[in-house]
Protein chains: 2
Amino acid sequence: MAYKTEYLTQRIRAAREAMKMSQRELSARSGLTQSHISQIERGTMEPGLSSLVDVARALDLEIVLAPKKLMPAIRNILESASATSDTLTLEQRKLVGRLERWFAQFRDGFAIASEADTFRDSLALLRHLPLSADELDRLKDATERLDRWQADPPSSKELSEFAHSVRQLRNSAVHRDRDDAIPRSAYALEEEDDNA
Amino acid sequence: MAYKTEYLTQRIRAAREAMKMSQRELSARSGLTQSHISQIERGTMEPGLSSLVDVARALDLEIVLAPKKLMPAIRNILESASATSDTLTLEQRKLVGRLERWFAQFRDGFAIASEADTFRDSLALLRHLPLSADELDRLKDATERLDRWQADPPSSKELSEFAHSVRQLRNSAVHRDRDDAIPRSAYALEEEDDNA
DNA sequence: ATTTTTCATACAGAATAATATATAGAGAAT
DNA sequence: ATTCTCTATATATTATTCTGTATGAAAAAT
């Protein structure tokens, strides 16, 4: 009777094993008993919501309620995080990191605060989403503008334009269909994210 | 007792209300009793996981376990689908208006007449449909192409592509599911056509 | 071969979720 | 005012979780 939530409890077990934590240790961290955890993982019993929250927290996981329609985009993020990193994502992270550091300094340059927030959040996404070669180029272009702005600070209009172009980049990466997703060495399927 | 799952149950209530669904209707859809739902939403009782799953499903929501470090990225996606404001819709109308004026001039550029008609109809819809932040971005991108075409007129192939992208935009706005619909209250009634 | 660790399982009892049903109050609609 | 809908709340009963504790079996480490 318990497989309505099986996909969640299986993820719990996978997460625990991925960080090489024993049921006993998880028990200590979460406050549930070991026997309880065993039953949850096995599907012998359906946990209460609060138990799941406790266990998830202990595994550095968060419970999110997401509209079904957004699930492809969210899966994109979850998978890209567990996908093996290749040279593309390495450079990508370097670039995003540079943009983030720049933003920390230039945040006040934004005329509108919400625009600055949007920009920061777009960066958060770009750090985790797979990019095509073309998109990576655009990301590179963006960081190159930073160089020009070292000497000559941008106007708020330029900044706004800049933020928009970064957001465009984010959009194209987020809403990519999984079918034409960037080919990667091994696209891990949902249930086997236990590769470090 | 202070429940640690209140952030989830609050989202349930918010989702239900956003869809204008009564507790009774949700009760019918989810299989829980109305009284049960009331207590969950109020926080007087903590639901079991399976109850939460049932309710979430009935609201077209999915429960996701996400690594904490990915939360900024995920929040970004969740917000981009629901964020909207008055200023945004104002901008939306400005953009659509611009596209419409442009179309009045460039209508002959379309190789196929039906394509032009479809384009015009898409615009008419876009004027009245609530758009997410993402969709507004795409709309903005579209109008920016117009700028480039001031000097350098588009080929009929480019034009066709352009019309297609606008139509896609229209589709995503039209076929949005109830659950993540943009709350209309702010601008549902304030619409008087400003003719171009 | 022995010890340790890890996981599955069992059981009793306390705590709490969940059902079914009913009702009261608030607000909206007629 | 009367009727309707919606939400909160109450009560009694059943069902399930959860704890605490203990044990067996398999696997790993010594």
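Letters A, B, ... mirror the listed sequences (proteins, then strands); counts begin at 1. Hydrogens, waters and symmetry mates play no part in the numbers below; they use all other heavy atoms, side chains included. Bear in mind that the values here come from a model prediction, so they are computed numbers and not experimental data.
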(message) Rounded to whole Å, please give me the gap between CD1 in B:Ile40 and C1' in D:dT7.
(response) 14 Å
(request) If the plane angle is over 60° it's perpendicular, under 30° parallel, otherwise tilted; pick one for A:Phe162 and A:Trp149. (result) perpendicular
(message) A side-chain contact here means heavy atoms from C-beta on lying under 4.5 Å apart; do B:Ser80 and A:Arg167 qualify?
(response) yes
(request) Mind calculating the distance between CG (B:Leu49) and P (D:dT16) to the nearest angstrom? (result) 15 Å
(message) It should be established whether B:Arg13 places a side-chain nitrogen or oxygen under 4.0 Å from OP1 or OP2 of nucleotide D:dA8.
(response) yes
(message) In this structure, how many angstroms lie between the P atom of D:dC6 and the NZ atom of B:Lys20, rounded?
(response) 14 Å
(message) Quick check on D:dT9: is either OP1 or OP2 less than 4.0 Å from any side-chain nitrogen or oxygen of B:Arg42?
(response) yes
(request) Sorted by first residue and then second, give each salt bridge (charged side-chain N to carboxylate O under 4.0 Å, His left out) pair with at least one member in residues 142-159 of chain A; sequence neighbours left out. (result) A:Arg98-A:Asp147
(message) My understanding is that only one of B:Trp102, B:Phe110, B:Phe103 makes a ring-ring contact (aromatic ring centres under 6.0 Å, His included) with B:Phe106; could you say which?
(response) B:Trp102
(message) Within the 4.0 Å heavy-atom criterion, would you say A:Ser22 contacts the bases, only the backbone, or no part of the nucleic acid?
(response) sugar-phosphate
(message) I need the CD-C1' distance between A:Glu46 and D:dA15, as an integer number of Å.
(response) 13 Å
(request) Quickly work out the A:Ile37 CD1 to C:dC7 P distance and round it to whole Å. (result) 10 Å
(request) Nearest whole angstrom, please: distance from the C1' of C:dT9 to the CD of A:Glu41. (result) 14 Å
(message) Does either side chain, that of A:His164 or that of B:Asp141, offer a donor lying less than 3.5 Å from an acceptor on the other one?
(response) yes
(request) Mind jotting down which residue pairs meet the side chain to side chain donor-acceptor pair (under 3.5 Å) criterion with at least one end in residues 55-64 of chain A? Sequence neighbours excluded, please. (result) none
(request) Using a 4.0 Å heavy-atom cut-off, write out nucleotides 19-30 of chain C from 5' to 3' as B (base contacted by protein), S (sugar-phosphate only) or - (no contact). (result) SSB---------
